[in-house]
Every structure is written in structure tokens, then in C-alpha cells.
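One structure is given below, encoded as C-alpha cells.
Order of appearance sets the numbers: ligands from 1, and atoms from 1 within every ligand. Every heavy atom of this structure was used, including side-chain atoms; hydrogens, water molecules and symmetry mates were not.
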Amino acid sequence: MCCETNRRFLLLYASQKGQAKAIAEEICQQATERGFRADIHCISESDKYNLNREKDPVVIVTSTTGDGEPPDTALKFVKEINDRTLPQSHFSHLRYGLLGLGDSEYTFFCNGGKLLDKRFRELGAQRFYETGLADDAVGLELVVEPWIAGLWAALSQEFASRKEEPAYRDKTASLTASIGCKIEHLTLDDLAVQNGVFSENEGKATPGPPIQDSQPSLSRSVPPLSQSALNVPALPVEYLEMELQENIGQESSPMEDSLPLISEGPLVQVPVSRAVQLTRDDAAKTILLLELDISETTFSYQPGDAFNVICPNYASEVDELLHLLGLSEKKEHLVCLKVKPGTKKKGADVPGYIPEKSSVNFILTWCLEIRAVPKKAFLRSLVEYTADTGAKRRLQELCSKQGASDYNAFVRDAGVCLLDLLRAFPACKPPLSLLIEHLPKLQARPYSAASSSLFQPGKMSFVFNVLEFPSHLGEQRRGVCTGWLAEQVVPLLQSNTENQTPFRPKITISSRRVNTFHLPDDPSVPLLMVGPGTGIAPFVGFLQHREKLREDRKGSAFGETWLFFGCRSEAKDYLFQEELQRFVENGTLTHLKVCFSRDPPPPAHPAAPKYVQDHLRLCSKDVIRILLEERGCLYVCGDAKNMAKDVNDTLVNILITERGGDKLGALKTLATLRDEKRYLQDIWA
Ligand SMILES: Cc1cc2nc3c(=O)[nH]c(=O)nc-3n(C[C@H](O)[C@H](O)[C@H](O)COP(=O)(O)OP(=O)(O)OC[C@H]3O[C@@H](n4cnc5c(N)ncnc54)[C@H](O)[C@@H]3O)c2cc1C
């Protein structure tokens, strides 16, 4: 309960899984202790607050969900403030501070917070405290705690300035600037240390003995770090109590009952009716197409939709983890979890994605992202379960301020996972409950449909690249989902070549939230499609759909269709070559622009395009005509890291070259196209 004081502020949270709410509640509690009154509401409770008339400071805590979207609870609010008819002074009376939560492992880091922040400023609101962006990939607490610690000074100053009207605006502006400057120029570790996240007393670790070997590694440190005093983070509160029950005759929840709990939407189990390798064996990447038989289900989709595949962790990795944790004999034991009575952990709860009566094996296989890079807080907790002094010391180093660059080099950048850690530190034996507290939920992986149900009723295809990368010791690893899918369909791939009756493995899928990456309703609208590599997937669906429409609606007007596709080699990885040729021949695809980045250019065309953006540039007049004169649609799909940005930059240059004006003008044009849903992206990392 928050105390009554005239130092009131409005505290709004937008939570998807409860984290933003828990942090807001922590702010509310600390506010009381510090003589403020937080009027706390979920952002969706619009009947309980009114920003249009709010006079007090506003503090917002928001998480990010999906592909960089605000949480579901904020969707209505975001829609309202995104109303383009609102005047630029709409929120000019508001002073706010915002804390965004996100995960830099995902493409649009903290986008939920960034979107709100941007729109608030567009509507004239001013920050009284610099925005904090907390990263779950390294530990939210590294930014959340110092941000909350700094909030009280900013609020005190804000209230003091209000009393000193009329100079209040100038002063608070300078406070914003100074606090902003401080936060922006601090690294996460600096932030944590300066604001007391690192507990000095507890954290002073005795220097270890000098080590002769000069090469540091995950388990080995060298001077000066090995001889340095350390500031280690405070020990995270353990909040789960676990009991393992022998499974004698008791029914553990069958997998079919438990899977819905670990997913966010209704699930369907569907057979894979066809599997085809789209790339040659000697291609740099293996790309597979799987066709799912959805005819016996109510699952429906449109070309451009993505759906989720529920995948397990590798059985071999789970078995090794069980062994290293000393749980091999107990893998079928039932796990009973409850929150420790009297825990100080805010918002402590048994994660909802761990079904009751699950076995140890089930939790490690289906519920936890065991490949996730352990965060510093997890390393800190592991110290307590490590018997060997040298290993203890190294774990302390890796989570300490002084060992930050070793953490980055040997844990984060090396993509180390729990299994790698337990192999490197055999004396570390954490309980399963600690893993549940620290490892994220195993996420379902989204894939874009590469087919049209109009063209192929009862079927849905998708295309994926089987990811392969080396572990920190050079051992070859495959992506969790793509590696598992590839394993599932080996017999099907083999039986296809031998022309036998195919074995049909089943996979579990769920639909994703409605997206906007769809064909326009009016088929006369011209389309530009840019999709190198597996980014071609939705466009195959678009073109199949268009082909069927052309058959069904003879005499109707159909707009031009341009596909910009790129791969490495014409001979090795030209995806859907025959199908694209058919689309061209029957007039469904009016312009096919393909390029091969690793093939030598033909002698007659030494400057032949290598990448999709080169082709876009060559067709710049048509691009402009279609987008600006004929109100066509531009779709971009595929890799978010480079391609989407390069395509965007190319569009900016095309606009400047063809239409004149400056970069700002070109960016505004693209923003307008986005607003009108005529420049759509479906991009993934
Ligand atoms: C809306 C949407 C649609 C999508 N559609 C498609 C599609 O149609 N086709 C498609 O192929 N993908 C698509 N994706 C991406 C897809 O969801 C998966 O992310 C992708 O297939 C990888 O999943 P995975 O489980 O195999 O890899 P993961 O095991 O999750 O690995 C993920 C990434 O981390 C890297 N990585 C992991 N561990 C390490 C390590 N130790 N060292 C170095 N690197 C490491 C991997 O290289 C990889 O890039 C889509 C994504 C979204 C958001």
C-alpha cells in the first residue's frame, strides 16, 4: 500500500509476463519508503488514470514482446496515442520517465519502450529523467536497479522545481540533460557498481594464486585479473523450493497435456507430408522445405503469416546435463515446486510454463532454453554450488566488474551455454530449481508460410536454413529447432529419393498473432517483393495465391509483380527455381530479378548485380513509379542483420536520386509508406 503524500506520481506498467509489473510494484514500495506516493496502474486500466489531464510526473515501465511489439496490455493505449490526428502539443503538459525492458538477443531490442518514448516526445511530453533500457540478455537488474536508484533524485528535483515556478521548465530541462548524460555514458557495469548493485562487502573475493599459463579461457584466468580483488554482484535471492518425488505408479502429466502449458496459443500436431532439400549437398547452407498436412485440423493461414514450431532441446544435451547435475537416476522423478515462504524476491512465482507434475527430463527437454548464454546473476548463483576453490574464484571473476571483458569474450561472445559451463567447471552442481530460476523459457520458433492454402488446400509449407555454428571449443552445433526439424525428416528425405511410402513424422505448431504482412485485397495493386535466401518464403505463397486467383478470376485486372531474389550460387542454392520459372511463364510473376553473390559475373556483364539492393538500384525508376505513382506495395523479408538495413538505405538513395530532396525527406516518404502499410517488413535475425 503506497503512503499518502503530496509528492504523488503516476506509475504505469505494461507487462506481458509480469516482469514490468513486478518492477513497477518494487518502485511503488520504494516510493513509500522515500516519501513519495505512486499511483500505480496497468496501462490498460484507462478508466483509472487520464494522461490528458495528468499534472504530476508520470513513470512508465514497459516490456517488449513478440518481434519488438509493446505488450498486449499496451496495444489499445499505443493505438490511441498513435492517432495521427493528435496535435503535436497533445502531451506537452506531461513530464515522464520511462524504463523499457527487452532482450538484445532479439532483433528489436526494447522496442516496446522505444516506441512509447518516441511517441511521447512527438506529442510534446518531456522527460524529467533519462530513459533506461534494460537488457534481459545480460541481466535486467544491471540497468533496472540503478535506474530505480536514480529515479528518486530525479523525482525530488522535479517536485522541487515545480515549487520554484516559473523557472521550473528550464531547471528540469537541465536536470534531464545532466541525468541523461550520466546514464548514456555509463556502461552497464559502471551503472551497477556506482549504484550499489555490486555489494562491496560480500563481493570482496580474495585474490587467487598467480597462474603461469598466459592464455585465459572460460575456466582459466591470468594476471592481472587472477590477482585482482573483485567486486561481485550481490547474490540473487533464491525463491524456489523444490522436492523430487519418485514416480511410483503416479502419472506424470502426459506430454500432450503439458505442451499447451508451455505454449502461448492453441497447439495442433500435424504430420510432415513432404520434405525436400532445396540446396545441393555442396552448398554453404542446407535449406529444407517441409510441407505440413493441416487438412485434419482447424488451423488456417494466409500467405505472409508466420506460425510457431514447438521444439525440444537435444536429447543428447539433456542427457549430459542430467549426468553433470547428478540427476540421471532421477530423470523421471516428478518435480514439485513452490515459492519459498517469506522470500524477499518481488513477484516471486513458479513459472507458469513449468507444468505441475512434470518430470526432471520433461522440464529440461521442453521448458528451459538450456542453450541460453548464462547471465552474470546466474554465474553469481553458481558460485554457491561450486565445491572447488579455483572454479569458485573463476566464476566470481566472470561475473565481477573486473572480469567484464572476460565475461564478454569467454561467455557472451563465445555463445557459451550451461552445458559448456558445467563441463568447464565439473565441481559446480546446481540444483534444478536454480536452473528454473535463471534460464529463460524455451521459446517456440516462428517460421513464415511458403505456400497458399488457396493453391494447395490442406497444406502449409515452410523453408528453413539448418543453422550450424561452432561451440566455444569448436564442436559443431546445430540450431535447436532447425537441427531438430532436420533430424525428424531424415527418413522422409531418404524415402523421397528412394521413392518409398514416406514415413510421416509429426510436429507441433501454433498460430502467431495476426500480422500485417499480407497481400493487398485488391489484386490490381502492383507488388514489389524483396526476399533473398529463405526470405523468399512468403513470396512463394503470395505468387501461388496470385496464380490461383488469375485462374479463378479470368478477365480481372492484376497488377505487376516484381520479385528481387538473391542467393550465393545459381547451381547450388537457387531456391524454388522451377516454381519461379513457372510463375514467369504463366504471367503470375511479371519481373524476376535474381542475382548470385558468390558466382563470378558473366563475362558479358562484369558489373552484374550481386545483391538484391543492386537490382533495386538498377530498377529505381520502376520502384519509384510503382510506389509513388501507382500506390503499389513493397514487401521485404529475410535477414534483419544486414539485408533489411541495406535495402532501406538503398531505397533512401533511390528516392533522393529519382525525386531530389534530402535524406530527411526520403526517410519521411518511407515512414509514410510504412504508415500506409505499403512498405512492410518481415525480418528475422
Ligand atoms: C516472424 C519470423 C519468421 C521467421 N521465418 C523464418 C523462415 O521462414 N525461415 C527461417 O529459416 N527462419 C525464420 N525465422 C527465424 C527462426 O524463427 C529461427 O530463429 C531460426 O530458424 C533459428 O532457430 P534455431 O532454433 O534453429 O536456432 P537457435 O538455436 O535458436 O540459434 C539462434 C541463433 O543463435 C546463434 N547461436 C546460437 N548459439 C550459438 C553459439 N553457441 N555460437 C554462435 N552462434 C550461436 C545461431 O547461429 C542462430 O543465429 C523467422 C523468425 C521470425 C521472428
Which of these, F517, W684, Y314, W484, has its nearest heavy atom closest to atom 13 (C) of ligand 1? W684
Counting both backbone and side chain atoms, is some N or O of G483 under 3.5 Å from an N or O of ligand 1? no
Anything under 30° is parallel, anything over 60° is perpendicular, the rest tilted; go ahead and classify W562 against F564. parallel
Which option out of F307, F464, F469, F462 puts a heavy atom nearest to atom 38 (N) of ligand 1? F469
Check each atom of ligand 1 against the heavy atoms of D682 and keep those under 4.0 Å away; list them by number with element. 1 (C)
So is there a nitrogen or oxygen of Y447 less than 3.5 Å from a nitrogen or oxygen in ligand 1? yes
I'd like to know if the side chain of S448 pairs up with that of D682 as donor and acceptor (distance under 3.5 Å, no hydrogens or angles considered). yes
Is any NZ, NE, NH1 or NH2 atom of the basic residue among K285 and E468 found under 4.0 Å from an Asp or Glu carboxylate oxygen of the other? no
Is there a nitrogen or oxygen of A306 sitting under 3.5 Å from a nitrogen or oxygen of ligand 1? no
Give the single entry among T482, L467, D639 that approaches atom 33 (C) of ligand 1 most closely by any heavy atom. L467
N465 heavy atoms within 4.0 Å reach ligand 1 at atoms 11 (O)
What is the ring orientation for F517 with F539, classed by angle as parallel under 30°, tilted 30 to 60°, or perpendicular over 60°? tilted
For Y447, all residues meeting ring-ring contact (aromatic ring centres under 6.0 Å, His included), sequence neighbours excluded: F462
For ligand 1, find out whether one of its N or O atoms is nearer than 3.5 Å to an N or O atom of R478. no
Would you mind running through ligand 1 and noting each atom that sits below 4.0 Å from a heavy atom of V480? 24 (P), 25 (O), 26 (O), 27 (O), 28 (P), 29 (O)
Distance-only N or O hit between ligand 1 and I683, under 3.5 Å: no
Residues in salt bridge (charged side-chain N to carboxylate O under 4.0 Å, His left out) contact with R598, at least two apart in sequence or another chain: none
Do F307 and F299 touch side chain to side chain, with heavy atoms closer than 4.5 Å? yes
R371 and E369 ion-paired at < 4.0 Å: no
